[in-house]
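Let me begin by presenting the structure, written as C-alpha cells, before commenting on it.
Model, not experiment: these values are computed from the prediction. All heavy atoms count here, side chains included; hydrogens, waters and symmetry mates do not.
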Amino acid sequence: MVPSAAVLNQDLQTVSKAVAFYPFSPNVAEFRTEGTQLVEIGAQLGLDPVLDIELTWIVQEYLNAPLPDDWKVIKAPNGEIHYINSRLRYDVLTNPIEPRFKKLVELIKDSKSIGEPLDEVTVLELIDPIERASDVKDMAEFQGIDYKKEKHLLWIAKLALLEALPENWEEFIDDSGRTLYRNVEKGYSTEDHPADDYFKGLIQRERQKRPPYYSIKPAVYVKPVVHYRNDMGIDGSTLRTKVEPASGTYMPFYDLYGQYYWFDFETEKITMSLDEVRREPAATVIQRAWRGYLIRKRVWEMHEASLQITASWRTAQFRKELDIVSDKRVQAARVVQSFVRMRKARIQRLEQVLVAWRAFKRKALLLHLGDAALNLCKWFECISLFSLLVPEVWFVFIMFFQVDK
C-alpha cells in the first residue's frame with residue numbers, strides 16, 4: 001500500500017532513521033540518496049513505511065543488488081532514470097530486477113497473513129538468483145544426491161549454492177586456476193568448502209525422515225514448498241516437508257527478473273509451462289491409477305472366485321456334516337427304538353410279574369382265609385362243646401366245693 005503524503009510527512013523522521021544505514025549502490029541508488037526517495041522505492045516494492053518497518057531490509061537488498069548482464073542505468077537530462085539493455089536495445093524506466101523483489105515482498109506478506117513460514121531457500125534465491133540451474137545438478141552429484149530417487153533433497157544442493165561463506169572465510173582462485181577457500185582469521189587455505197560437513201549432516205538428517213507425498217493438485221505448484229534447515233518445532237517436534245509438487249525430474253527456479261521457470265535435470269531443458277511440467281507426473285498418476293484399477297479388478301475377480309470356492313467348500317462341509325448328523329440321527333433312532341423295545345419288554349415282564357404276584361397274593365389270601373375259616377370252625381366247635389359242657393362242669397364244681405366243706 002502506497003502511503004499518503006500526510007503519513008509520509010508525519011513519519012518521515014522515523015522512516016529516515018530506519019533507512020539511514022542503506023549503503024551506496026552504483027546501480028540503483030546513485031541518483032536516489034534522499035530519505036523520501038528511499039521510501040518511494042519501498043512503496044514501489046509494495047512496502048508500507050509504517051506497517052512494514054521490519055521489512056526495510058528488502059529495500060537495502062534491492063539497492064545493493066547488481067543489475068543483470070548487458071544492463072546499465074543512466075540519468076536523462078530531464079532527470080529520469082533509464083535502464084538500458086545494450087544487447088536487446090531496451091530502454092525502460094523500471095528497474096529490471098524490481099519484479100523479483102516485488103515477488104519477494106508478496107510472498108513474505110502472504111506467509112505472514114496465513115501465519116506460515118516462508119521457505120528460506122526461496123528468499124535467498126529471490127535476493128540472489130542462481131544464474132545457471134545446471135549448477136544445482138552438479139552440486140547434487142557432488143553431494144551424492146540422486147535427483148531421480150531423492151528429488152526431495154535437491155533443495156539442499158540449491159541451498160549450498162545460495163549460502164554465503166561462513167564468517168572469516170573467503171573464496172579465491174590461485175595461480176593454477178583452482179578455487180580455494182581461505183580462513184582469514186587462522187590463515188590457512190583448503191580446497192574443501194568450509195560448509196561441506198554441515199550440508200553432509202543436513203542430507204543425512206533429511207534421509208532419515210519420511211519422504212514427502214508428491215501431489216499433482218494445481219495449488220501445490222503455486223506456493224513455494226517450505227523446507228526446514230532447522231527442523232526443531234516450538235513444541236519440540238521434528239518438522240518435515242509433507243507435500244511437494246509432482247514435477248518428475250523438473251525443479252523450480254527464479255531467474256534474475258523474478259520469473260518462475262522449471263529446469264529438467266534429465267535433459268537440462270528449461271520451460272515456463274506448468275502443463276509441460278505436470279504432463280509426465282500426471283501420466284504417471286494415470287498409469288498408477290490404471291494399474292491400481294486392473295489390480296483391484298483382478299483382486300475382485302479373485303475375491304469372487306474365492307467366495308465361490310468358500311461357498312462350495314462350506315456346502316461340501318455342510319453336506320458332510322449333514323451326512324454325519326444323518327448317520328448319527330439314524331444311530332440315535334436305532335438306539336431309541338432299541339431302548340423303547342427294551343423298555344416295553346421290561347414293562348411287559350413287569351406286568352407279567354405283577355399279574356403273577358397278584359395271583360399269588362390272591363391264592364395266598366384264599367389259603368390264609370381258608371385256614372382262618374378252618375380255625376374259626378374249630379374254635380366254634382370248641383366253643384359250642386364248651387357251652388354244652390359248662391352246666392355239667394359248673395355243677396361238678398359246685399358239688400366239689402360243697403363236699404369239701
Side-chain angles (χ1 to χ4, degrees), residues 145-153 204-223 225-228 231 233 235-250 266 274-361:
I145 299 175
D146 189 341
Y147 64 86
K148 294 183 179 180
K149 298 180 180 179
E150 298 178 321
K151 182 179 178 298
H152 59 286
L153 301 180
Q204 186 65 26
R205 186 198 72 185
E206 292 297 315
R207 279 175 175 165
Q208 296 176 357
K209 296 181 182 179
R210 181 181 177 183
Y213 169 74
Y214 293 98
S215 173
I216 60 172
K217 294 182 178 180
V220 299
Y221 293 88
V222 177
K223 182 181 177 182
V225 179
V226 180
H227 300 99
Y228 301 95
D231 63 346
D235 56 352
S237 60
T238 301
L239 303 175
R240 71 177 185 90
T241 303
K242 297 181 180 180
V243 181
E244 284 196 9
S247 57
T249 56
Y250 283 92
E266 185 73 24
L274 184 58
D275 293 337
E276 184 177 353
V277 173
R278 297 177 58 193
R279 185 179 297 120
E280 181 180 351
T284 303
V285 171
I286 294 174
Q287 292 175 356
R288 187 186 303 118
W290 175 250
R291 288 194 297 268
Y293 165 75
L294 294 179
I295 292 175
R296 287 191 296 272
K297 181 180 178 181
R298 179 60 178 167
V299 170
W300 180 253
E301 293 175 353
M302 295 175 62
H303 175 66
E304 291 182 343
S306 65
L307 290 179
Q308 295 177 358
I309 294 173
T310 303
S312 301
W313 181 82
R314 289 179 177 175
T315 302
Q317 288 294 111
F318 176 77
R319 290 177 179 176
K320 183 178 178 181
E321 293 294 331
L322 186 60
D323 293 339
I324 295 174
V325 171
S326 299
D327 294 341
K328 290 184 178 180
R329 184 174 57 186
V330 172
Q331 294 178 2
R334 291 176 181 176
V335 172
V336 171
Q337 291 175 357
S338 176
F339 176 77
V340 170
R341 287 193 295 269
M342 291 176 62
R343 184 176 178 81
K344 287 183 178 180
R346 285 196 295 270
I347 292 174
Q348 291 176 358
R349 286 196 297 271
L350 184 60
E351 290 178 350
Q352 293 175 0
V353 171
L354 184 60
V355 170
W357 170 252
R358 289 175 179 174
F360 172 75
K361 286 182 67 177

Identify the heavy atoms of [X] and [Y] that sit nearest to each other, and give their distance.
| X | Y | value |
| --- | --- | --- |
| Val277 | Ser247 | CG1-CB, 3.5 Å |
| Leu274 | Tyr221 | CD1-CD2, 3.4 Å |
| Arg240 | Pro211 | NH1-O, 3.9 Å |
| Ile145 | Leu153 | CD1-O, 3.4 Å |
| Ala246 | Pro281 | O-CG, 3.1 Å |
| Val220 | Ser215 | CG2-O, 3.7 Å |

Measure from the side-chain N and O atoms of [X] to the backbone N and O of [Y], and report whether any donor-acceptor pair falls under 3.5 Å.
| X | Y | result |
| --- | --- | --- |
| Lys209 | Leu239 | yes |
| Tyr147 | Tyr250 | no |
| Thr310 | Ser306 | yes |

- Item | Non-hydrogen side-chain atoms of Tyr214 and His152 separated by less than 4.5 Å |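 Counting from C-beta outward, Tyr214 and His152 do come under 4.5 Å.
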- Message: Tell me which pairs pass salt bridge (charged side-chain N to carboxylate O under 4.0 Å, His left out) where either residue lies in residues 277-304, with sequence neighbours left out.
- Response: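 Pairs touching residues 277-304 that pass the test: Arg298-Glu301.
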- Check whether more than 12 heavy atoms from other residues, nucleotides or ligands sit under 6.0 Å from atom CZ of Arg334, and answer yes or no.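 Atom CZ in Arg334 is not crowded, with 12 or fewer foreign heavy atoms closer than 6.0 Å.
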- Task: Inspect the surroundings of CZ in Arg319 and state if more than 12 heavy atoms from other residues, nucleotides or ligands are less than 6.0 Å away.
- Result: no
- Query: Can you list the residues that meet the salt bridge (Lys or Arg N to Asp or Glu O under 4.0 Å) rule with Glu244, with sequence neighbours excluded?
  - Reply: none
- Contacts of Arg205 that satisfy salt bridge (Lys or Arg N to Asp or Glu O under 4.0 Å) - sequence neighbours left out: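 With neighbours one apart ignored, the set is Asp231.
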- side-chain contact (heavy atoms from CB on, under 4.5 Å) assessment of Glu150 paired with Glu206: CA-CA 10 Å; Glu150 298 178 321; Glu206 292 297 315; over 6 Å; no
If you measure from [atom1] on [X] to [atom2] on [Y], what distance do you get to the nearest 0.5 Å?
| X | Y | atom1 | atom2 | value |
| --- | --- | --- | --- | --- |
| Tyr213 | Lys242 | OH | NZ | 15.0 Å |
| Glu321 | Asp323 | CD | CG | 9.5 Å |
| Gln331 | Ile324 | CD | CD1 | 11.0 Å |
| Gln308 | Thr315 | CD | OG1 | 11.5 Å |
| Ile347 | Leu354 | CD1 | CG | 12.5 Å |
| Arg341 | Gln348 | CZ | CD | 12.5 Å |

